[in-house]
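Heads up: the structure comes next, in structure tokens.
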Amino acid sequence: MQHPVHHGGESRLRLSETDRRLHHDLQELVILYDLTESRPYLPRYPAPAAEPKLAGMRMSALFGHTLREFPTEAETPAHGLLLRGGYIDQLMSGVYSYLPLGNRARLKIERVIREEMDNAGAQEVFLPALQPIELWEQSGREAALGDVLFHLRDRRERGLALGATHEEVVTRLFQDHAQSYRDLPATLYQIQRKFRDEARPRGGLVRVREFTMKDAYSFDADDAGLDRSYASMFQAYRRIFARCGVPTVAVEADSGAIGGKGSQEFIFFTEYGEDTIVYCDTCDYAANTEKAEFVRPAAVAGEPLPTEEVETPGVTTIEALATFLGIEAKQTAKAVFLMATPTKGGRGTPVFAVVRGDLDVNEVKLMNALGGNVELRPMLDAEVEEYGLVAGYASPIGAPERVRVIADISLADSPNLVAGANRAGWHLRNVNFGRDWQAPTADIASGKAGHGCTRCGGTLQSSRGIEMGHVFRLQYVYTKAFNVNVLGADGGQVMPTMGCYGIGVERVLSAAVEANHDDGGICWPASIAPYDVHMVGIGLDRDEAARADAEALYGELRAAGLDVIFDDRDERPGVKFNDADLIGMPLRLTVSSRNTAAGVVEFKVRATGEGENLPRAEVVESVVAARRALLEALTVEQAEQRARTR
RNA sequence: CGGGGCGUAGCUCAGCCUGGUAGAGCGCUGCGUUUGGGACGCAGAGGCCCGCGGUUCGAGUCCGCGCGCCCCGACCA
């Protein structure tokens, strides 16, 4: 075994051919990334030679069967293919079992994640899923998460929670084991099950109640340190998604219940997504619609005119109002009544949110504008009445004292709007903010396609997407809640600033399938395929020579460090080829009487359908090379290019 | 949490309206023929028809109450 060497301007870790075969895991990293910088996990001395892994599976023994028909419960193509391929099985709403194939894909994704986390200097830990409820009460999130947090009691009636995430636990762990600034910076990560009692699980593996998350937490002495840790995780995430064959785009996001300031989501664009992302068609601005800043369409200009009442019988929607009066939606004011309930419990506050008629109230922005820590829900009819509001004709002018009015910034420069008159059947014309009514203003409207970009003046587009990962600057939210300090260099106390970083493992699995499939089935990215090679044997029970050839090749491939699934079943060729396409290993080899007689093995790349007959003696070498080529193609550049062009 | 749909074989479904004691295709098991893109024949296994209660001589079917699963919505008054 040779040591890493530099030569030329290009630096590479060099291994003997034997080592290459024996250490293909490491080799993957060598191929894709420059490892010559010092990285914590690399051994300081040559590692002892490992035994070949000989990872293989005979399909005759594989647990789980493919389905011929598309399961009706499948909501998306990816979900359907995973069910059909015998990868997953639903136990109950939002809870899935992973069969052997599905589990291998999961583990391969975890392997990619571990490599990149270790590479970035993060240290793996393992935190409990079972947690004392007091920890959640102390951070204030027991209330913030509400019913999403699974609660349970132990035999002594002590309150427990199943971990929905691990900020509390990791902060406590850090507090117990970090003593001085010399323990900073530190990034801890784990791959763990998370439990969230979602209101509505959906989309197969997209929103589930129990799932695997890689979560990482950084602790730094100051903002500059946090920025470095954040940037390091950000880069690691780009590589993880690229290597898993999932095209993602990083977008600005709201921090939600996790807390903190400044976060980005890695979004996989798909029509089955549950998030809406707006992005600029000119610059690279992209944001979750919950967060997106945008330039509001210009108002219809004019000098303020005297307010006058207009009778509008039965006209209770913006659309109807605009049609009835022959004006544009943006010449009206839209009112939304909500109840803001403190997440810590207590009485709700009635909120009267006003946006211009062409805009929509954004609940997340509104929640933040109200100071956070509140839960918003639509007002009940009884409450609407109780607070003296008139559904369909509510007016910000003379709104009841008890009701908290908040106005979108669009109202301030939009003159002469039509608003409700607080009297059924009547509206007011020429209502002017500032002159006729006043209220605190904030950005409480959702950006959408067609709006302007605040960065460059371009036009925003919108698409649906699914969040694959999320990186946050938590800052002091948790270290403050748990009063965590370490000894500083000057003998004083330093409160560490935190970041947290999450990836949904099964979402990556699901997105990888969605991004890489065709009518025949899955086309796994080489990095995360359950097996590297699918060997199909045709007519082996009728031909001794072909069978011996297949068995020998099966052994050779595994000895070369490849993970092989061997279809040794007594099935007709069509069944085997269709199953091979469906379960989707990246490379396929076919051994048959006719091939063995000709001294060849048929080789085919699943994703492209390209292939050739390889001379028997060159098969292993060719397959190793083909796999390497597939891995090399999974670069950040291609993934992000793919995400942009979709 | 509101609305809608659906629970019958491993999977996809029929049967329910009009009550009479359980079906099809695929899959599965055995035997035979077949063998390069989801073959064919023969023989089989497999179901408390989601649960409980009611109506009835009799309930998969009708009624009630649950439970489960899926979808839409949960903001634009």
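Residue numbers start from 1 in every chain, and the chains themselves are labelled A, B, ... in the order their sequence lines are given, proteins ahead of strands. Side-chain atoms are counted along with the backbone in the values below, which use heavy atoms only and exclude waters and symmetry mates.
Of the C1' atoms belonging to B:G30 and B:G46, the separation is 15 Å, rounded to the nearest Å. Atom name C1', nucleotides B:G47 and B:A9: the rounded distance is 6 Å, in whole Å.
Base pairing annotation: B:G27 forms no Watson-Crick or G-U wobble pair, as no partner gives both donor-acceptor distances under 3.5 Å. Pair assignment for B:U33: B:A39, on the basis of Watson-Crick or G-U wobble contacts that are both within less than 3.5 Å. Taking a pair to require two hydrogen-bonding distances under 3.5 Å in either a Watson-Crick or a G-U wobble arrangement, B:U21 remains unpaired. Under the Watson-Crick or G-U wobble criterion, with both distances below 3.5 Å, B:G68 is paired with B:C6. Taking a pair to require two hydrogen-bonding distances under 3.5 Å in either a Watson-Crick or a G-U wobble arrangement, B:G73 pairs with B:C1. Pairing for B:C62 is with B:G54, a Watson-Crick or G-U wobble pair whose two hydrogen-bonding atom distances lie under 3.5 Å.
Atom CG of A:L83 is separated from atom C1' of B:C70 by 13 Å (rounded to the nearest Å). Atoms CG (A:L91) and P (B:C70) sit 11 Å apart, rounded to a whole Å. Between A:N613 atom CG and B:G36 atom P the separation is 16 Å, expressed in whole Å. Atom-to-atom, CG of A:L389 to C1' of B:C76 comes out at 15 Å; the value is rounded to the nearest Å. Rounded to an integer number of Å, the gap from A:D570 CG to B:U33 P is 12 Å.
Judged by distance alone, with hydrogens and angles left aside, the side-chain atoms of A:D413 form no donor-acceptor pair with the main-chain N or O of A:L411 at under 3.5 Å. Put simply, the side chain of A:R207 never gets that close to the backbone of A:P201: no donor and acceptor are under 3.5 Å apart. The backbone N or O of A:A548 lies less than 3.5 Å from no partner atom in the side chain of A:E551, so there is not a single donor-acceptor pair.
Donor-acceptor pairing under 3.5 Å, judged by distance alone, is present between the side chain of A:N595 and the base of B:G36. In terms of polar N and O atoms assigned as donor or acceptor, the side chain of A:R200 never comes within less than 3.5 Å of the base of B:G2 in a complementary pairing.
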Polar atoms only, N or O, under 3.5 Å: list the protein pairs with nucleotides 26-30 of chain B and their distances.
residue	atom	partner	partner atom	Å
B:C26	O3'	A:R68	NH1	3.2
B:G27	OP1	A:R68	NH1	2.8

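Residues A:H79 and A:F70 place their aromatic rings such that the two centres sit no closer than 6.0 Å. In this structure, the ring of A:Y98 has its center no less than 6.0 angstrom from the ring center of A:Y87.
Distances from the side chain of A:R542 to the nucleotides B:C11, B:G36, B:U35 place B:U35 closest.
Here A:D567 does not pair with A:R58 in a salt bridge; the nearest charged N to carboxylate O distance is not below 4.0 Å.
Two residues, A:R569 and A:E363, neighbour RNA chain B, and the one matched to the more 5' nucleotide by heavy-atom proximity is A:R569. In terms of position on RNA chain B, the residue among A:Y393 and A:M92 whose nearest nucleotide sits closer to the 5' end is A:M92.
At least one side-chain nitrogen or oxygen of A:S93 sits closer than 4.0 Å to the OP1 or OP2 atom of B:C70.
In this structure, the side chains of A:R588 and A:V533 stay at 4.5 Å or more apart for every pair of heavy atoms.
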